[in-house]
Amino acid sequence: MKVGVLTGGGDAPGLNAVIRAVVRKCAQNGDELVGIREGWRGLLENKFESLDRNSVSGILHRGGTILATSRTNVYKEKDGEALVIKNMKEKGIDAIVAIGGEDTLGVASKLFKAGVNIVGVPKTIDNDLSATDFTFGFDTAVNVATEAIDRLHTTAEAHNRVIVVEVMGRHAGWIAIYSGIAGGADIILVPEEKYDLDEVCSLLQKRHQAGKNFSIVVASEGAIEKKKNGGLVLHDQQLDSFGHVHLGGIGNYLAEEIEKRTGYETRSTVLGHIQRGGTPTAFDRVLGTRLGVYAAELVHNKKWGYMAALKGTDIVAVKLEEATGELKTVNKNLIDVAATFFG
Ligand code: F6P
C-alpha cells in the first residue's frame, strides 16, 4: 500500500516523533510512504516528497515538522474534496495518515465519509481533543510555561510587582491550569470559569496585605471576563479558514486593569509561540512514537476512519468523529485544586 503522511494545523513538539514512527512501522509492514507537504495544502497543490528511513533519521528530538504545516481547509477550497481524491489517485496514494488537531481531523473525518482511506493521530499543545486523555505537545508546552513562571517569580519578587503571564490554549485552559499549578501561580484564569476583575484584584490585595509583595497571575488566552461585552480579548477581528477567532492580548489588558485598580506595579509577559517551538519532552517523544506506531498498524489493518488515542496508559482506536465532536475542557475538580492556592 502507498501511504501519504501529512501534518496540519499549528505545530506541536513531537510531530517528528510521530512521522518517524509511522515511517519505520509502515516500512516494517511492507507499506510504501510518501510525505505530503504543508498539511491539506499539499494534497490540493500536489506538494509531495519521498519519505524513507533516511529522511526520518535524526528527527526524533527536533521540534516543528519536517513535512511543514498549514491551516488549509479542504472544504473552503473550490471543489476541494474532489481535487484531493483526484490528486491522491494520480499520485497512487491508497491511504492517508493525518496528524492534526480538531480542524485537520475534522477534514479527515469528512474525507473518510467521502470514501478516502484515512486514519488520524491527535495533535495539539492545547490538549483540548476529546477521545484522547492527552495530546503530544501539551507536556512540552506546560514545561516551557512552568519554567517561565519560575523565572518570572524571581523578577516579580525582586521588584515588588504583579506579573501576568499569558499562555496559549484557545478555548480550553489546560496549559494555564497545569503550568499554573506546577509554577505555584497566585491566580489562574481559564476559559472554563468566567472571571470577575474585582474578585481578581481583591484576591491580590488580600495576598499583599498578608505580607507578600509580589504575585503571579496566569491567564489563558481564551479566559472570559464576566462583565465585559463579549468577554474575550481578541488580537484582531479576523477569522482563520476554520472560522476561529484570533485570540491574544489578555495579558496586557489584565496588567493595565490590575495596576489601575490596585496601584500595584504590574507587567505582562506573553509566552506565545515559544510554547510550541523547540525540542519535545521525553513524554511527548514517547507518546508521539506510540501513536505513530499504532497509526501504522491501523493502516495495515485497514481500520479507516479511526485515530490512535491515549486512554489511561493504553493506546486504542477511536472513531475520528468522536475526536472532533466536542472540545475537552478543564474539569471543575482541577480548577478547585488550583483555587486552593489563590490569593
Ligand atoms: O492550537 C494551537 C495554538 O497554539 C493555540 O493555542 C493558539 O491560539 C493558536 O494555535 C495560535 O495559532 P497561530 O499559529 O495561527 O498563531
Side-chain angles (χ1 to χ4, degrees), residues 1-12 15-16 18-20 22-23 26 31-52 55-56 59 64-126 129 135 137 170 238-246 273 276 291-292 295-296 298-299 302 304-308 319-321 323-324:
M1 211 172 346
K2 191 164 174 180
V3 185
V5 187
L6 64 82
T7 54
D11 67 330
L15 276 169
N16 286 325
V18 184
I19 297 168
R20 169 178 173 268
V22 170
V23 169
C26 278
D31 293 319
E32 193 191 334
L33 267 302
V34 57
I36 300 163
R37 293 204 53 84
E38 298 168 24
W40 296 117
R41 186 190 293 151
L43 269 178
L44 293 167
E45 298 177 9
N46 286 314
K47 295 182 171 189
F48 302 112
E49 70 179 36
S50 58
L51 261 190
D52 55 22
S55 43
V56 297
I59 66 168
T65 157
I66 59 163
L67 294 174
T69 185
S70 72
R71 294 197 192 276
T72 308
N73 184 350
V74 170
Y75 291 90
K76 274 280 158 69
E77 305 296 321
K78 191 173 176 291
D79 301 324
E81 183 183 281
L83 195 56
V84 163
I85 293 170
K86 175 178 154 283
N87 290 343
M88 277 182 70
K89 209 168 175 187
E90 280 176 12
K91 185 74 182 167
I93 298 175
D94 305 299
I96 290 174
V97 176
I99 311 166
E102 182 201 359
D103 301 329
T104 305
L105 297 180
V107 169
S109 187
K110 285 186 189 160
L111 285 171
F112 165 66
K113 285 181 188 143
V116 177
N117 297 335
I118 207 154
V119 306
V121 177
K123 165 246 57 162
T124 166
I125 64 161
D126 301 337
L129 278 179
T135 46
R170 246 185 204 149
Q238 280 173 11
L239 299 181
D240 72 12
S241 64
F242 287 91
H244 300 299
V245 292
H246 191 181
H273 296 82
R276 282 198 341 217
L291 292 169
L298 289 177
V299 168
K302 299 188 166 47
W304 313 127
Y306 282 83
M307 72 165 200
K319 288 199 171 137
L320 274 174
E321 50 189 8
T324 52

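Because the structure is a prediction, the values reported are computed rather than measured.
- Using a 4.5 Å heavy-atom threshold, the side chains of Val34 and Val5 count as separate.
- Lys319 places no side-chain N or O within donor-acceptor distance of the main-chain N or O of Ser109, the cut-off being under 3.5 Å.
- For the pair Asp94 (side chain) and Met1 (backbone), a donor-acceptor distance under 3.5 Å is absent.
- In summary, Glu45 and Lys47 engage in a salt bridge, as defined by a charged side-chain N under 4.0 Å from a carboxylate O.
- In this structure, the side chain of Asn16 engages the main chain of Ile66 through a donor-acceptor pair within 3.5 Å.
- Of the inter-residue distances, the one linking Thr65 atom OG1 with Lys123 atom NZ reads 10.0 Å to the nearest 0.5 angstrom.
- The line from CG of Leu43 to NZ of Lys91 is 11.0 Å long, rounded to the nearest 0.5 Å.
- Atoms CD1 and CD, on Ile36 and Glu49 in that order, are 10.5 Å from each other to the nearest 0.5 Å.
- A donor-acceptor contact shorter than 3.5 Å links the side chain of Asp240 to the backbone of His244.
- Closest approach of Phe242 and Thr72 over heavy atoms only: CZ-O, 3.6 Å.
- A heavy-atom distance below 4.5 Å is found between the side chains of Thr104 and Leu6.
- With contacts defined as side-chain heavy-atom distances shorter than 4.5 Å, the pair Leu83/Asn87 qualifies.
- In this structure, CD1 on Ile118 lies 15.0 Å from OH on Tyr306, to the nearest 0.5 angstrom.
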Could you go through Leu105 and Leu129, starting from their C-alpha distance and side-chain angles, then the distance that decides it, and tell me whether this counts as side chain to side chain contact (heavy atoms under 4.5 Å, CB included)? CA-CA 10 Å; Leu105 297 180; Leu129 278 179; 4.1 Å; yes

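- Remark: the backbone N or O of Gly9 is paired with a side-chain donor or acceptor of Thr69 at under 3.5 angstrom.
- Environment of NZ in Lys302: sparse, with no more than 12 heavy atoms of neighbouring residues, nucleotides or ligands closer than 6.0 Å.
- In this structure, CD1 in Ile99 is found 7.0 Å from CG in Leu67, a value given to the nearest 0.5 Å.
- For the pair Lys113 (side chain) and Gly305 (backbone), a donor-acceptor distance under 3.5 Å is absent.
- Thr135 places a side-chain N or O within 3.5 Å of a backbone atom of Thr124 that can act as its donor or acceptor partner.
- Separating the CZ atom in Arg20 from the CG atom in Leu15 is a distance of 14.5 Å, to the nearest 0.5 Å.
- Within a 6.0 Å radius of CD in Glu90, more than 12 heavy atoms belonging to other residues, nucleotides or ligands are found.
- Between Lys110 and Glu81 there is no salt bridge, since no side-chain N of the basic residue sits under 4.0 Å from a carboxylate O of the acidic one.
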Apply side chain to side chain contact (heavy atoms under 4.5 Å, CB included) to Val97 and Val299, showing your working. CA-CA 8 Å; Val97 176; Val299 168; 3.7 Å; yes

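- At distances below 3.5 Å, not a single donor-acceptor pair connects side-chain atoms of Ser50 with backbone N or O atoms of Gly35.
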Starting from the C-alpha separation in whole Å, work towards a yes-or-no answer on side chain to side chain contact (heavy atoms under 4.5 Å, CB included) for Leu320 and Thr324. CA-CA 7 Å; Leu320 274 174; Thr324 52; 5.8 Å; no

